[in-house]
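Read through the structure below, which is laid out as structure tokens, and then see the notes.
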Amino acid sequence: MKPADCQPQLQQPYRRETWHTLLPQLLPGVEMFSQAHDFPLTSENERGIATARRQFGRATLADGKIVAFYEIEVAPGVQLQSNRVGLRSLIVKCIDEVSAHAVLAFFVQEGKTFYRLTYAAKESKLGDDLKIQTEQTATRRFTYILGAGESCRTAAERFGSLPAAARLADLTEAFSVEKLNKEFFADFRKAFELVAKDILDRNKGWENADADRETQTLLSRLLFLYFIQRKGWLNRQRDYLVSAFNRHHAADRDGVSFYDQFLRPFFVKLSADDAYFPNLDLGDLPFLNGGLFDDEIGSLTERGRMKVGNPVLRQVFDHLLESYNFTVREDTPLDQEVAIDPEMLGKIFESLVLQLEQSDTGGKTSRHDTGSYYTPRPIVHYLCREGLRVWLEQFPPPSASKSGDWPARLEKLFALDATDGLDDAERVILNDLLTPDEARALLDRLDNFRACDLAVGSGAFLVGLLHELVNLRRLCETRARGKDPATDIEWLYETKKRVIENVLYGVDIQQRAVEICKLRLWISLMVDYPLEVDPDNCALPDFRRAIKKITPLPNLDFKIRRANSLIEQIRGHAIKFPQTAADTSDFALSLSKLATAKHRFYEARRKKDKRLAQLDILEATAELAKYEFNSTKLKFGLLPSDQDAERAAVLDRAEAEMGKLQMQIAAARKKNEREKDDDIERLSRVFNDEAKPTFVWQLDFAEIFHR
């Protein structure tokens with residue numbers, strides 16, 4: 001069957017009759033039952049999740065394996081994303097390797113125009129040691145989201161390419177997530193090259209690096225918005241962006257109207273709580289904050305002047321954004337959706353950075369030149385888990401320190417994965433590993449944990465550590481409370497937000513990597529934000545109230561820093577911090593001022609509050625730099641050598657420069673908001689100057705070193 005013939009049928013709401021016709025065209029040996037066979041829901045848990053489970057057919061594949069077709073009606077109010085263990089258990093029992101080696105299960109829910117097609121399989125064989133070995137996906141689910149408003153391109157292509165004599169391995173390949181990852185990266189890379197070339201052609205005088213930077217920013221924003229759009233947050237339209245583009249493209253096929261007249265004000269609206277465009281109806285949008293959509297200055301910027309053509313954006317929508325399904329939940333080891341999820345997006349950007357960072361060394365990358373490499377994801381998770389486990393071994397709860405088995409218990413605790421919730425057997429294991437008091441003690445200890453990746457790259461280690469910390473806190477709170485804390489729909493989001501704010505820090509010498517890292521943390525945070533209403537089934541006033549309550553993204557500029565983490569410098573001057581000035585009350589006051597201003601900036605919602613916090617950060621940094629330069633000069637004594645005298649003169653000039661910056665900061669405070677933006681950008685460039693870098697651990701992360 002051709003994909004083009006299959007795709008329209010997959011984009012319709014679920015009807016069993018459609019699949020009665022479609023399945024015989026996709027698989028061999030299909031037998032449809034004249035009447036569906038009900039399989040009773042045998043436990044209270046199953047009856048709480050589903051209202052019916054029935055088999056309506058089966059297929060005997062070319063290798064003799066049997067695939068059973070099931071229809072499962074999910075109970076009203078059940079959130080398909082948060083009941084993975086229960087939903088998985090509904091189909092695991094259906095695979096007995098006699099009447100069924102695999103299952104295709106259709107999860108449908110009344111009132112929903114989309115549905116889930118899930119595949120699970122199990123196969124036993126005799127191993128070399130003459131023992132039965134089982135290869136299975138039955139403990140995992142591989143799922144397509146189908147129905148109205150879904151792309152379904154990947155599913156159509158995979159199903160349409162199944163051979164006439166399909167085997168179980170062919171069906172498994174049709175649900176391959178890794179294959180999707182490669183396909184999406186290839187299409188993303190093509191889109192990146194097309195947009196970068198178009199920007200170079202339309203923006204005269206720009207360098208390749210400028211075009212690459214702006215292309216990455218634009219595509220990052222659009223991809224992030226496709227996740228937000230998937231949640232129904234953009235005017236309650238799942239096709240908000242492509243519909244807006246189609247209107248502009250129809251009226252201006254060869255121009256730049258979509259970016260110039262729609263995307264630019266749209267981005268401003270997302271980044272400024274008080275933005276207003278009287279001549280443009282953008283609909284009901286959330287205020288997202290965070291810096292992803294913030295151009296940071298009020299007048300025209302390079303990005304503001306940028307031109308991007310409608311023709312190239314047509315290709316981005318048709319061959320990338322609208323060709324794939326996006327899911328707002330991240331895959332877990334037990335549950336994988338054949339769609340673009342936030343974790344997969346991280347992989348895409350890692351691959352992109354590797355390809356873009358070309359150097360003059362025969363095509364090798366600049367990260368190769370500097371000895372830095374991306375770590376494979378399984379190793380990332382292992383290192384994060386082991387690092388956290390070893391740290392916790394040093395601080396056993398009082399009751400555990402007496403028994404001496406704390407390390408062994410910790411190792412077993414880290415082997416429990418609560419991402420999908422815990423089944424009864426796992427709850428028994430957890431109860432054996434921790435007492436409620438020990439769980440509370442472990443939570444208290446985690447409150448003091450801090451971590452920084454010295455070469456953060458695209459954020460793989462920070463995201464991995466975020467998952468490990470959330471998992472561990474969920475286990476501990478489950479034991480301490482006696483119930484899963486994630487039953488509170490806000491728990492996962494609030495916990496992630498607290499970990500990102502209090503625990504995670506990163507430094508990287510590559511600005512592109514820093515931006516990707518922040519993007520991954522933002523996406524990981526926002527996919528778990530629970531809107532208090534269903535955008536598809538609520539009154540417009542209720543939706544408007546709900547999106548007004550969305551907690552804005554945190555500002556991560558001063559948590560994920562661009563710098564050489566191996567060298568501490570102020571305006572290019574190497575320093576050894578702290579000097580004697582650290583003991584003075586004025587120095588301590590400036591440190592406190594810096595830490596407080598950074599916390600205010602992290603949470604600031606309004607542009608005005610951001611500006612004030614940024615000026616306070618710049619001012620405190622200049623004050624501390626002056627103290628440091630003056631303290632260093634005191635080491636040279638009353639009768640310095642010629643070399644010391646020359647060094648002191650350099651420090652004098654550096655101290656004077658900080659004094660001038662303080663005066664400029666004071667002057668900026670008195671200007672109007674538009675001029676203040678320009679001054680902040682100019683002053684920030686002084687401290688972020690690649691030729692004269694400024695990075696000092698105890699200043700850039702003052703809130704950690706001076707708590």
Side-chain angles (χ1 to χ4, degrees), residues 1 5-6 8-78 80 83 86-123 137-138 141-148 150 152 155-156 159 162 164-168 170-172 174-175:
M1 185 177 191
D5 298 330
C6 180
Q9 298 182 64
L10 301 182
Q11 292 176 314
Q12 299 299 315
Y14 175 78
R15 293 179 68 251
R16 192 193 305 167
E17 293 77 10
T18 299
W19 286 94
H20 267 268
T21 303
L22 194 56
L23 283 167
Q25 300 178 64
L26 301 177
L27 297 172
V30 170
E31 174 191 358
M32 291 299 181
F33 302 158
S34 58
Q35 184 173 355
H37 302 161
D38 284 331
F39 276 70
L41 302 166
T42 57
S43 69
E44 183 178 345
N45 182 57
E46 288 183 351
R47 288 189 292 271
I49 295 173
T51 58
R53 173 177 54 192
R54 58 181 69 93
Q55 183 180 0
F56 63 88
R58 64 187 177 189
T60 303
L61 303 182
D63 54 2
K65 305 301 181 184
I66 299 173
V67 181
F69 309 142
Y70 278 84
E71 180 183 274
I72 297 174
E73 295 180 5
V74 179
V78 170
L80 300 184
N83 287 276
L87 292 174
R88 192 168 59 245
S89 68
L90 290 172
I91 58 176
V92 169
K93 295 178 180 179
C94 301
I95 306 174
D96 59 10
E97 298 187 80
V98 178
S99 62
H101 300 87
V103 162
L104 284 176
F106 298 82
F107 290 93
V108 299
Q109 192 171 31
E110 186 176 357
K112 297 294 184 182
T113 59
F114 69 89
Y115 59 99
R116 294 176 177 268
L117 172 57
T118 292
Y119 168 73
K122 179 166 59 177
E123 182 179 5
T137 65
R141 294 188 303 156
F142 295 90
T143 299
Y144 282 109
I145 306 297
L146 307 175
E150 304 297 334
C152 303
F159 296 158
L162 284 168
R167 304 165 64 89
L168 193 63
D170 298 316
L171 190 55
T172 301
F175 286 81

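Predicted model, so just to flag it, every value in this text is computed and none were measured.
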Subject >> Pairwise salt bridge (Lys or Arg N to Asp or Glu O under 4.0 Å) hits with a residue in residues 17-36, at least two apart >> reply: Arg15-Glu17, Glu31-Arg58

Original post:
Which heavy atom of Leu162 sits nearest a heavy atom of Ala174, and at what distance?
Top reply: CD2-CB, 4.3 Å

Original post:
So, for Leu168 and Ala102, which heavy atoms are closest and what is the spacing to 0.1 Å?
Top reply: CD1-CB, 3.8 Å

**OP:** List in chain and number order the residues that pass side chain to side chain contact (heavy atoms under 4.5 Å, CB included) with Gln11, two or more places apart in sequence or in another chain; answer none if no residue qualifies.
**Re:** Gln7, Cys152

**OP:** Not counting sequence neighbours, which residues clear side chain to side chain contact (heavy atoms under 4.5 Å, CB included) with Thr42? List them please.
**Re:** Glu46, Lys93

**OP:** Let me know which of Tyr14, Tyr144, Phe107 forms a ring pair (Phe, Tyr, Trp, His ring centres under 6.0 Å) with Tyr115.
**Re:** Tyr14

Original post:
Out of curiosity, Gln9 CD to Thr21 OG1, how far, rounded to the nearest 0.5 Å?
Top reply: 7.5 Å

**OP:** Just jot down the side chain to side chain contact (heavy atoms under 4.5 Å, CB included) partners of Ala62, sequence neighbours excluded, or say none.
**Re:** Ala165, Arg167

Subject >> Listed partners of Arg54 passing side chain to side chain contact (heavy atoms under 4.5 Å, CB included), at least two apart >> reply: Arg16, Ala36, Asp38, Ala52, Glu71, Glu73

Subject >> Residues which pass salt bridge (charged side-chain N to carboxylate O under 4.0 Å, His left out) with Glu110, listed by chain and number, not counting sequence neighbours >> reply: none

Subject >> Any Tyr119 side-chain heavy atom under 4.5 Å of Thr172 side chain >> reply: yes

Original post:
What are the two closest non-hydrogen atoms of Leu90 and Ala50, and how far apart are they?
Top reply: CD1-CB, 3.9 Å

**OP:** Might you point out which heavy atoms bring Ala68 and Gln55 nearest each other, and give the distance in Å?
**Re:** CB-NE2, 3.5 Å

Original post:
Do you know the tightest heavy-atom contact between Ile95 and Ala120?
Top reply: CD1-O, 3.8 Å

Original post:
Mind checking whether Phe56 and Met32 have side chains closer than 4.5 Å, heavy atoms only?
Top reply: yes

**OP:** Could you check whether the rings of Phe39 and Tyr70 sit parallel, tilted or perpendicular, using 30° and 60° as the cut-offs?
**Re:** perpendicular

Subject >> Nearest-0.5 Å distance that lies between atom CD1 in Ile72 and atom OG1 in Thr118 >> reply: 8.0 Å

Original post:
Arg53 versus Cys94: any side-chain heavy-atom pair under 4.5 Å?
Top reply: yes

Original post:
Going from CG on Leu27 to CG on Asp170, what distance comes out if it is rounded to the nearest 0.5 angstrom?
Top reply: 10.0 Å

**OP:** Taking all heavy atoms of Ala105 and all of Ile91, pick out the closest pair and write down the distance.
**Re:** CB-CG2, 3.6 Å

**OP:** Applying ring-ring contact (aromatic ring centres under 6.0 Å, His included), run through Trp19 and Phe69 and close with a yes or a no.
**Re:** CA-CA 10 Å; Trp19 286 94; Phe69 309 142; 8.8 Å; no

**OP:** Anything under 30° is parallel, anything over 60° is perpendicular, the rest tilted; go ahead and classify Phe159 against Phe175.
**Re:** tilted

Original post:
What distance separates Thr18 OG1 from Leu10 CG, expressed to the nearest 0.5 Å?
Top reply: 9.5 Å

Original post:
How far apart are the C-alpha atoms of Ile145 and Arg116, what are their side-chain angles, what is the distance that settles it, and do they pass the side chain to side chain contact (heavy atoms under 4.5 Å, CB included) test?
Top reply: CA-CA 5 Å; Ile145 306 297; Arg116 294 176 177 268; 3.2 Å; yes

